[in-house]
Amino acid sequence: ITMALENYHNGLKLQEEIGAKEGIASSLNSIAYLYVNQGDSTRALEYYHKSLKIEEEIGSKQRMATSLTNIGAIYGDQNDISLALEYYHRSLKMYEEIGSVSEIKKTPDLYAEIPGLKDLYSRARKYYLKPRNKSIKGLDVQLGNQFDEALIAFLNSHGVIAMRADIKNKRLPDIMI
């Protein structure tokens, strides 16, 4: 990895000398990835943010979405739920803007990889994935509502604004983040 970092840094210098912004963003992203593999999330974030800034300048939405996802993943690994969700949400919006269906489908799975949410997701699936006709009448909705309240409290305690989404029909589970 040390040799690869050295090569990417050399490549970055060349890209900067000729003013190739796409090449600079690509090199920064590659360097960040290597730092992730070394376990240096601080430096990885530094390089991903630099890459994101250039991607915003050149208007490369695909690259921006990828960088936002990568930044969100690091914050998720650090169990910074608020920032992880913020960056995942931004990447999801970007993927929706460019119509990247395959990436849109992957993004909700990223939320489940955040350590603080992983256990909640697995517990929630037990209740939300059971067919209604096989559960005790109304129990799935009651448990869903209890889960929603617990999830809202958990997210709010971590700086994420969450609330009931279905204000008209409050008896059904539904959360807005």
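Residues: numbered from 1 along the sequence shown.
Remark: Asn29 engages Ser67 in a side chain to side chain donor-acceptor pair (under 3.5 Å) (not counting sequence neighbours). Here Glu57 pairs with Lys21 under the side chain to side chain donor-acceptor pair (under 3.5 Å) rule; sequence neighbours left out. When the side chain to side chain contact (heavy atoms under 4.5 Å, CB included) test is applied to Glu56, the partners found at least two apart in sequence or on another chain are Leu52, Met64, Arg90. Residues passing the side chain to side chain contact (heavy atoms under 4.5 Å, CB included) test with Ala4, sequence neighbours excluded: Leu34. In this structure, the side chain to side chain donor-acceptor pair (under 3.5 Å) partners of Ser51, at least two apart in sequence or on a different chain, are Glu55. Here Glu46 pairs with Lys50 under the side chain to side chain donor-acceptor pair (under 3.5 Å) rule; sequence neighbours left out. Remark: Lys61 engages Glu97 in a salt bridge (Lys or Arg N to Asp or Glu O under 4.0 Å) (not counting sequence neighbours). Residues forming a salt bridge (Lys or Arg N to Asp or Glu O under 4.0 Å) with Arg63 (at least two apart in sequence, or on another chain): none.
Judged as a salt bridge (charged side-chain N to carboxylate O under 4.0 Å, His left out), not a single pair has a partner in residues 27-36 (not counting sequence neighbours). Screening residues 7-31 for ring pair (Phe, Tyr, Trp, His ring centres under 6.0 Å) gives His9-Tyr47 as the qualifying pairs, with residues at least two apart or on separate chains. For residues 24-38, no residue pair satisfies the salt bridge (charged side-chain N to carboxylate O under 4.0 Å, His left out) rule, not counting sequence neighbours.
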Quiz item: Under the side-chain contact (heavy atoms from CB on, under 4.5 Å) criterion, do Glu6 and Thr2 qualify, and how do the steps go?
Solution: CA-CA 6 Å; Glu6 186 178 321; Thr2 306; 5.5 Å; no
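Distance OH/Tyr48 to CG/Leu28: 11.0 Å, rounded to 0.5 Å. Between atom OG of residue Ser27 and atom CG of residue Asn7 there is a gap of 11.0 Å, rounded to the nearest 0.5 Å. To the nearest 0.5 Å, the span separating OG on Ser41 from OH on Tyr35 amounts to 12.5 Å. Note that OH of Tyr87 is 4.0 Å distant from NE2 of His49, once rounded to the nearest 0.5 Å. Taken to the nearest 0.5 Å, the CG atom of Leu12 stands 11.5 Å off from the CG atom of Leu5. With values rounded to the nearest 0.5 angstrom, Leu92 atom CG is found 11.5 Å from Leu85 atom CG.
Proximity of a side-chain donor or acceptor of Ser100 to a complementary backbone N or O of Glu96 within less than 3.5 Å is not detected. Of the possible donor and acceptor atoms, one in the side chain of Ser91 sits under 3.5 Å from a partner among the backbone N and O of Tyr88.
With 3.5 Å as the limit, one finds no donor-acceptor pair spanning the side chains of Ser60 and Glu22.
Here the closest non-hydrogen pair linking Gly23 and Gln15 is CA-OE1, 3.5 Å. Between Ala84 and Gly76, the shortest heavy-atom distance links the atoms CB-N, 3.5 Å.
Annotation: side chain of Gln62 is in contact with side chain of Tyr95 (closest heavy-atom distance under 4.5 Å).
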